[in-house]
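Quantities reported herein were computed from a predicted structural model and do not represent experimental measurements. Each chain gets a letter, A, B and so on, in the order its sequence line appears, and its residues count up from 1.
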Number of protein chains: 2
Amino acid sequence: MNIFIEYLTSISKLSNSAIHYINEYLSVEKIPKKQVFVQELSASKKLYFIKKGIVRAFFYNDGKEITDWFGIENMIIGATVRNFPIKNTRHSIETLEDTELVSVSFNDLEKLYQKHHDIERLGRLIAINTILFLQHKIDTQQLFSAKERYDEFVYKYPNLINRVPLGYIASYLGMNQVTLSRIRNQY
Amino acid sequence: MNIFIEYLTSISKLSNSAIHYINEYLSVEKIPKKQVFVQELSASKKLYFIKKGIVRAFFYNDGKEITDWFGIENMIIGATVRNFPIKNTRHSIETLEDTELVSVSFNDLEKLYQKHHDIERLGRLIAINTILFLQHKIDTQQLFSAKERYDEFVYKYPNLINRVPLGYIASYLGMNQVTLSRIRNQY
DNA sequence: CTTTCTTTTTAGCAAAAGCTAAAAAATCAA
DNA sequence: TTGATTTTTTAGCTTTTGCTAAAAAGAAAG
């Protein structure tokens, strides 16, 4: 789990007592490949951190499956996708490879926030990072062509291209799977 | 300024002492129409809340001006657009109508965060609201046609359509100004 | 190894949206 | 008001991306 604490402290300093407290509440879970381990994200009772592996978030629109987000090592599930009690969506999370997760229940997380000001601050800073990530996604969607979006994806996630089905990447990038195949073969 | 405090407490409860403290740090500014009052957002020293009026955030891409965000009453400037020391962009903020703002300097805001746990929590919750807003924008961009995006915009900002130049709205919605004009005249 | 199932590529055509430029309309200022 | 400036609409053509379906390639299972 220490990798999780390291991740957290890289975002914001934490007191020893906060670290100790967080550790108390963590568990580790191993999930095999191709398993939908969160059926409905907004109803999820836990927050997950990806220690190892690849996951994706997806939902259905017009009968079609849309991949919304890819999670790789050192990412929090639901920081980016809408893992908030506020909004009802139909997101599921699936492992694409064997995955190790660190989890905290939202109940416990709430306790952590309330007891430790520095953990609350950490939560705020994680949210701000998420905002930056999303804003960048909006920019690329709005200003980049399909090819440019793909190129950026390759740059950003060099490991994913050969490990994840093309169709998932296409829907993540907001384009047709056939279009992506063409782009990849440089027209 | 009380409208600002009301806005804040609608998001998260604040202790009386926190409210008192916040009030100490607020100022009010009036800006006339069509004035670029923040030249470079990421270098801005203050956070603004819109008490009255309309503003927009814009930047240049490929020599073209892109409107990124519209701010109306009861919005925080920079909660949505990237008003963080972290990321360098070239966003400016301009009033579209006579506008009244409440402002806090980031210096003071930092103090507020540090002194009051409940203000830090408020900051986290505002960030989460921003995340939801941005995720919705991503969805509409990715899944909606140009017409659908416009229809949603009309629904969401009924006041803006006749008060804001069409070109600004078009770039906000990620489409050509000519395309938007056609859509509006229902092809 | 084959066979089967899944994923990717290719082809051809259709639809959506972009671009340039000019005309029309609306707004602003003297 | 009237002339000037800005904004919006219209027209015609181009480009990009989408869609359906079928072929090819790859991966998985017996």
Side-chain angles (χ1 to χ4, degrees), chain A residues 32-36 54 56 58 60-67 70 94-98 137-154 157 159-187, chain B residues 32-36 54 56 58 60-67 70 94-98 137-154 157 159-187:
Chain A
K33 197 177 177 167
K34 288 204 181 185
Q35 189 167 315
V36 178
I54 303 179
R56 67 170 183 133
F58 65 97
Y60 291 91
N61 180 264
D62 252 14
K64 277 184 197 163
E65 200 188 270
I66 309 278
T67 293
F70 290 106
E94 177 188 35
T95 52
L96 299 176
E97 303 199 342
D98 295 353
K137 194 172 180 190
I138 291 172
D139 287 351
T140 54
Q141 268 183 212
Q142 213 162 63
L143 305 173
F144 285 17
S145 69
K147 170 152 180 49
E148 287 168 326
R149 273 176 278 150
Y150 176 69
D151 288 345
E152 169 172 277
F153 185 87
V154 171
Y157 301 102
N159 314 318
L160 292 192
I161 327 141
N162 298 312
R163 290 205 271 171
V164 166
L166 203 66
Y168 296 173
I169 297 175
S171 77
Y172 177 79
L173 294 174
M175 70 184 74
N176 198 286
Q177 197 252 36
V178 175
T179 301
L180 181 50
S181 175
R182 278 197 198 112
I183 284 168
R184 188 191 241 187
N185 294 283
Q186 38 250 322
Y187 269 51
Chain B
K33 199 176 174 165
K34 289 204 183 186
Q35 190 166 316
V36 178
I54 303 180
R56 67 169 182 132
F58 65 97
Y60 291 91
N61 180 264
D62 252 14
K64 278 184 195 163
E65 199 187 272
I66 310 278
T67 293
F70 291 106
E94 178 188 35
T95 53
L96 300 176
E97 304 199 342
D98 294 353
K137 195 172 179 190
I138 291 172
D139 287 350
T140 54
Q141 267 183 215
Q142 212 162 65
L143 306 173
F144 285 19
S145 68
K147 172 154 179 47
E148 288 169 325
R149 273 177 277 152
Y150 176 70
D151 288 345
E152 172 176 271
F153 185 86
V154 171
Y157 301 102
N159 313 319
L160 292 192
I161 327 140
N162 298 312
R163 290 203 270 170
V164 167
L166 203 66
Y168 296 173
I169 296 175
S171 77
Y172 177 79
L173 295 174
M175 70 183 77
N176 199 284
Q177 198 252 35
V178 175
T179 301
L180 181 50
S181 176
R182 280 197 197 112
I183 284 169
R184 189 189 240 186
N185 294 284
Q186 37 251 321
Y187 270 52

**OP:** Describe, in one word, how the ring planes of A:Phe70 and A:Tyr172 are oriented to each other, choosing from parallel (under 30°), tilted (30 to 60°) and perpendicular (over 60°).
**Re:**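 Aromatic pair A:Phe70/A:Tyr172 classed tilted.
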Original post:
For the residue pair B:Leu180 and B:Leu166, what are the closest heavy atoms and their distance?
Top reply: CD2-O, 3.7 Å
**OP:** Please report the closest heavy-atom contact between B:Leu96 and B:Lys33, naming both atoms and the distance.
**Re:**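 The pair with the smallest heavy-atom distance is O-CG, 3.4 Å.
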Subject >> Letter per nucleotide, 5' to 3', of nucleotides 18-30 of chain C [B base touched, S only sugar-phosphate touched, - untouched; heavy atoms, 4.0 Å] >> reply: BBB----------
**OP:** Identify which nucleotide among D:dT9, C:dT9, C:dA17 has an atom closest to any side-chain atom of B:Ala146, counting heavy atoms from C-beta outward.
**Re:**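 Nearest listed nucleotide: C:dA17.
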Original post:
Under 4.5 Å between any side-chain heavy atoms of B:Met175 and B:Ile183, yes or no?
Top reply: yes
**OP:** Go through A:Phe144 and A:Asp151 one step at a time and tell me if the side chain to side chain contact (heavy atoms under 4.5 Å, CB included) criterion holds.
**Re:** CA-CA 10 Å; A:Phe144 285 17; A:Asp151 288 345; over 6 Å; no
**OP:** Might you work through the ring pair (Phe, Tyr, Trp, His ring centres under 6.0 Å) test for B:Phe58 and B:Tyr168, ending with a clear yes or no?
**Re:** CA-CA 9 Å; B:Phe58 65 97; B:Tyr168 296 173; 7.8 Å; no
Interatomic distance where [atom1] belongs to [X] and [atom2] belongs to [N] [whole Å]:
| X | N | atom1 | atom2 | result |
| --- | --- | --- | --- | --- |
| B:Arg184 | C:dA17 | CZ | C1' | 18 Å |
| A:Phe144 | D:dT15 | CZ | C1' | 19 Å |
| B:Glu148 | C:dA15 | CD | P | 17 Å |
| B:Ile183 | C:dA15 | CD1 | P | 17 Å |
| A:Gln142 | D:dT16 | CD | P | 19 Å |
| A:Gln141 | D:dT17 | CD | P | 13 Å |

**OP:** Name every residue in residues 160-170 of chain B that has at least one heavy atom under 4.0 Å from any atom of DNA chain D, in order of residue number, or write none if there are no such residues.
**Re:**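 Per residue number, the list reads B:Pro165, B:Leu166, B:Gly167.
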**OP:** Show your working on side chain to side chain donor-acceptor pair (under 3.5 Å) between A:Glu94 and A:Gln35 and close with a plain yes or no.
**Re:** CA-CA 5 Å; A:Glu94 177 188 35; A:Gln35 189 167 315; over 6 Å; no
Subject >> Side-chain donor/acceptor of B:Thr140 to backbone N/O of B:Arg149, under 3.5 Å >> reply: no
